[in-house]
Amino acid sequence: MSSTDSQAKGSFIHRIIEKDLETNKYGGHVATRFPPEPNGYLHIGHAKSICLNFGIARQFNGHCNLRFDDTNPEKEDIEYTQAIQTDVEWLGFEWDKLCHASDYFEQLYQYALELIQQGKAYVDSLSAAEITEYRGTLTSPGKDSPYRRRTIEENLDLFQRMRSGEFEDGAHILRAKIDMASPNLVMRDPPMYRIRHAQHHHTGDAWCIYPLYDYTHCISDALEGITHSLCTTEFEVRRPLYNWFLDNLPVPCHPQQIEFGRLNFEYTVVSKRKLAQLVDIGIVDGWDDPRMPTLSGMRRRGYTPASIIEFSNRIGITKNDGTVEMSLLESCIRDDLNQNAPRRMAVLRPLKVIIENYPDDAEESLTLANHPNRPELGDRTLPFTREVYIDQTDFAENPPPKFKRLVPGGEVRLRYGYVIKCKEVVKNETGEIEKLICTYDSDTLGKKPEGRKVKGVIHWVPAQYAVNAEVRLYDRLFSIPEPSASGDFLDYINPRSLVTLNNCKLEPSLSEPFTSGVQFEREGYFCLDKGHSSENGLVFNRTVQLRDEWEKIQQKQAARGT
RNA sequence: UGGGCCGUCGCCAAGCGGUAAGGCACUGGGUUUUGAUCCCAGCAUUCGCAGGUUCGAAUCCUGCCGGCCCAGCCA
């Protein structure tokens, strides 16, 4: 177990649970739940909650339910319930029970009746605007609704008629009778039920009144025997209400709500509303666009479940509201892929090289290791031929300082192959470099050249065997670290978040079927975008670049130059 | 402004009265047919600030300062 593991498993929440286990608070049992509302796709912030809730169940030998918090029929959809299950399973977690808050609608209704009978809930007939007005403000107390003094009989009658569909949307609302002068606005007679004549994705048209979050969530937890109800800190102010309902109802148990800090992540937005907006406006091509911080987007981008779980472990659980740097996530995926991704060669921006002293009809089969540090991953073969492609960025007519790739008259090694020397730069009429004429040193295959040092090593692909492909390079979706904290986030879309290269040349082994991520040597980690092939051949998505010391050197040089 | 919560290195985060873990990032150096990986070294005399309690405080107390959340019939 690594140190980061122990960190993630030793948060303040874990300490609370350990203590509860010691004192036998819940009969020595631990039960959690992951309760998404099915109104959008899961994102990296949910991953933190998933890892926490399922991780705790795993660690303490408890249970964790997947529960759809589906009390708002107008926003929810079955499409989302399916996508959510796919994502949770993809991360490698198994729920104990698959639940729907809507499965408890009847029980919730009965409990509401109970509260009315106790004189602790009433039907209010004020308009929405009036209710807002009566609620008061942060600094001034609210005032009682004139309907607050309705008799129990009247409330019972009205609530039952609400259920039977007698009233229009918004005509009445069921409220808890608590305290209109509470300094905590949440406690100023919170709404429990609203009338909505709407089709529900799970209960159909069985109901026309729907319970609200505060009333539903605590009871759902209690009904499922949840011991620790973990949520983010914005729900902290609602904890008194969570407890109020459970204290006033004959529920089977009283779970404990504990809040942790929500994840904020640089250069993106983590809000379902904003993500949905990006999809709707067409800034991205769907919830699973590889630039999206959704789990489906990250999956298509090439992130592995292990890397996301490791990320969750590394960021830890606290009540702080911080913003995590992108480099941390990138470090997690690089660690995983460096260890596990087979290496391949791919030329992204091809430049033809003709090795003039290599016989026209000759061809050698080279053996290439699939992984430089893991021989057990085997090897593959690649033909060496007279014409090859190298990357345009690996050649410079006027090289900047410290450039150690190919230059006119200079030498460089073709990775796994020979050392070549650039003899001539051939240009077209417009002055663009068309191809390079080189020679090779036949005595450099698998050995260092005699009497000189060749520092540069570049990747290449044999021209006649190259496989065409389109490669998509992704960058951060936003151009500033905290787009949500600076006015309209849509003003900060990074125009270069996607760069498509459609004339890429891959080594032939990449046309064979494979499922894992691969490293294109000296470029980065990539994955096949299944089901998104184009007329340019296979489509690869760049998951993340390799660390790039050369890029840093260039940036420093550029900074010095200005 | 009323209420609630939070402030430990650029970022995340241990620490829970005995004298500042770790990861990411960054900076040097070594190995290397990926400017990758790997390795080694450096990186908070100080814990938002100011007082107080104590032999001893990031940890306890008081007061300030800064940030976040709450006025949906959303979750």
Side-chain angles (χ1 to χ4, degrees), chain A residues 2-4 6-8 10-11 15 35-37 39 69-72 74-76 124 126-128 131-133 135-142 169-170 172-175 182-188 191-196 210 212-214 216-217 231-240 259 261-262 266 272-273 313-332 334-335 338-339 343 345 371-373 402-405 413-417 419 444 446-448 454-459 519-524 545-553:
Chain A
S2 73
S3 57
T4 52
S6 51
Q7 169 168 305
S11 74
R15 270 201 301 281
E37 182 188 12
N39 66 342
D69 220 340
D70 55 350
T71 58
N72 187 351
E74 291 168 325
K75 287 189 177 173
E76 296 151 8
D124 197 354
L126 249 26
S127 70
I131 285 181
T132 300
E133 190 193 326
R135 186 153 34 225
T137 69
L138 293 178
T139 50
S140 61
D169 286 9
H172 304 286
I173 185 172
L174 184 71
R175 292 229 254 172
S182 171
N184 183 350
L185 305 226
V186 170
M187 300 300 272
R188 320 242 260 228
M192 292 167 59
Y193 270 91
R194 75 286 220 189
I195 302 171
R196 284 288 176 281
Y210 290 92
L212 281 111
Y213 168 83
D214 290 299
T216 309
H217 202 88
C231 61
T232 43
T233 50
E234 63 264 32
F235 292 94
E236 205 151 22
V237 291
R238 328 191 77 92
R239 193 171 63 224
E259 310 82 15
R262 171 192 188 106
E266 274 191 344
K272 273 194 271 191
R273 203 198 97 243
N313 288 159
R314 290 196 201 177
I315 59 178
I317 299 291
T318 68
K319 297 188 76 163
N320 298 343
D321 42 33
T323 301
V324 177
E325 291 178 344
M326 211 148 213
S327 61
L328 188 59
L329 211 216
E330 291 180 343
S331 166
C332 293
R334 284 197 189 106
D335 274 5
N338 173 50
Q339 190 63 218
R343 310 293 112 131
M345 291 203 287
H371 192 114
N373 312 320
K402 295 190 179 171
F403 189 81
K404 56 181 198 187
R405 280 112 99 139
R413 177 178 294 279
L414 295 178
R415 170 136 242 234
Y416 301 112
V419 168
T444 55
K447 59 168 100 163
K448 295 196 190 321
V454 173
K455 270 198 279 184
V457 178
I458 65 176
H459 59 283
Q519 183 193 102
F520 289 174
E521 293 211 38
R522 301 207 312 129
E523 291 285 356
Q545 292 183 68
L546 251 29
R547 279 197 187 86
D548 192 349
E549 192 70 23
W550 172 235
E551 192 175 79
K552 271 188 213 166
I553 293 170

Hey, is the side chain of [X] pairing donor to acceptor with the base of [N] inside 3.5 Å?
X: Arg343(A); N: U34(B); answer: yes
X: Arg413(A); N: U33(B); answer: yes
X: Glu325(A); N: G10(B); answer: yes
X: Arg522(A); N: G35(B); answer: no
X: Glu523(A); N: U34(B); answer: no

Syn or anti conformation of G72(B), syn meaning chi within 90° of 0: syn
What nucleotide, of [options], holds the atom closest to the side chain of [X]?
X: Asn72(A); options: C70(B), G3(B), C74(B); answer: C74(B)
X: Arg194(A); options: C24(B), G7(B), C73(B); answer: C73(B)
X: Leu546(A); options: C68(B), A36(B), C5(B); answer: A36(B)

Taking [M] as the reference, what is the distance to [N] when you measure between their [atom1] atoms (whole Å, please)?
N: C24(B); M: G66(B); atom1: P; value: 35 Å
N: G15(B); M: C73(B); atom1: P; value: 40 Å
N: C16(B); M: C26(B); atom1: P; value: 31 Å
N: U27(B); M: A20(B); atom1: P; value: 28 Å
N: C9(B); M: G42(B); atom1: C1'; value: 14 Å
N: C61(B); M: A25(B); atom1: P; value: 38 Å
N: A44(B); M: G22(B); atom1: C1'; value: 14 Å
N: G7(B); M: C60(B); atom1: P; value: 11 Å

Under 4.0 angstrom between [X] side-chain N/O and [N] OP1 or OP2:
X: Asn39(A); N: C74(B); answer: no
X: Thr71(A); N: A75(B); answer: yes
X: Arg547(A); N: A25(B); answer: yes
X: Arg239(A); N: C5(B); answer: no
X: Thr137(A); N: G2(B); answer: no
X: Lys75(A); N: A75(B); answer: no
X: Ser327(A); N: C24(B); answer: no
X: Asn184(A); N: G4(B); answer: no

Considering every strand and a 4.0 Å limit on heavy-atom distances, what is the contact class for [X]: base, sugar-phosphate, or nothing?
X: Ser127(A); result: base
X: Arg405(A); result: base
X: Gly322(A); result: sugar-phosphate
X: Leu126(A); result: base
X: Asn373(A); result: base
X: Pro36(A); result: nothing
X: Gly446(A); result: base
X: Arg196(A); result: base
X: Ser182(A); result: nothing

Sequence-distant partners of Arg413(A), side-chain hydrogen bond (donor to acceptor under 3.5 Å, both in side chains), two or more places apart: none
With sequence neighbours excluded, residues passing side-chain hydrogen bond (donor to acceptor under 3.5 Å, both in side chains) with Thr132(A): none
Residue pair Arg238(A) / Cys231(A), side-chain heavy-atom distance below 4.5 Å: no
Step-by-step side chain to side chain donor-acceptor pair (under 3.5 Å) determination, His172(A) to Asp124(A): CA-CA 6 Å; His172(A) 304 286; Asp124(A) 197 354; over 6 Å; no
Tell me the partner of [N], counting only Watson-Crick (N1-N3 plus N6-O4 or O6-N4) or G-U wobble (N1-O2 and O6-N3) with both under 3.5 Å; none if nothing fits.
N: U46(B); result: none
N: A36(B); result: none
N: G7(B); result: C65(B)
N: G2(B); result: C70(B)
N: G56(B); result: none
N: C16(B); result: none

Electrostatic pair Lys75(A):Glu37(A) at N-O distance under 4.0 angstrom: no
Is there a donor-acceptor pair under 3.5 Å between the side chain of [X] and the backbone N or O of [Y]?
X: Thr216(A); Y: Leu212(A); answer: yes
X: Thr444(A); Y: Val419(A); answer: yes
X: Arg334(A); Y: Gln545(A); answer: yes
X: Thr232(A); Y: Glu234(A); answer: no

Which residue lies more 5' along RNA chain B, comparing Phe235(A) with Lys552(A) via nearest heavy atoms: Lys552(A)
5' priority, RNA chain B, between Gly417(A) and Thr323(A) [closest heavy atom]: Thr323(A)
Atom [atom1] of [X] and atom [atom2] of [N]: how far apart are they, to the nearest Å?
X: Glu330(A); N: U37(B); atom1: CD; atom2: P; result: 13 Å
X: Arg15(A); N: A14(B); atom1: CZ; atom2: P; result: 8 Å
X: Arg135(A); N: G72(B); atom1: CZ; atom2: P; result: 5 Å
X: Leu329(A); N: C12(B); atom1: CG; atom2: P; result: 15 Å
X: Lys447(A); N: U33(B); atom1: NZ; atom2: P; result: 15 Å
X: Glu234(A); N: C69(B); atom1: CD; atom2: P; result: 9 Å
X: Leu185(A); N: C5(B); atom1: CG; atom2: C1'; result: 15 Å
X: Lys404(A); N: U34(B); atom1: NZ; atom2: C1'; result: 10 Å

Minimum heavy-atom distance Arg188(A)-Thr137(A), with the two atoms named: NH2-O, 2.7 Å
G35(B) base stacked by Trp550(A) (centroids within less than 5.5 Å, tilt under 30°): yes
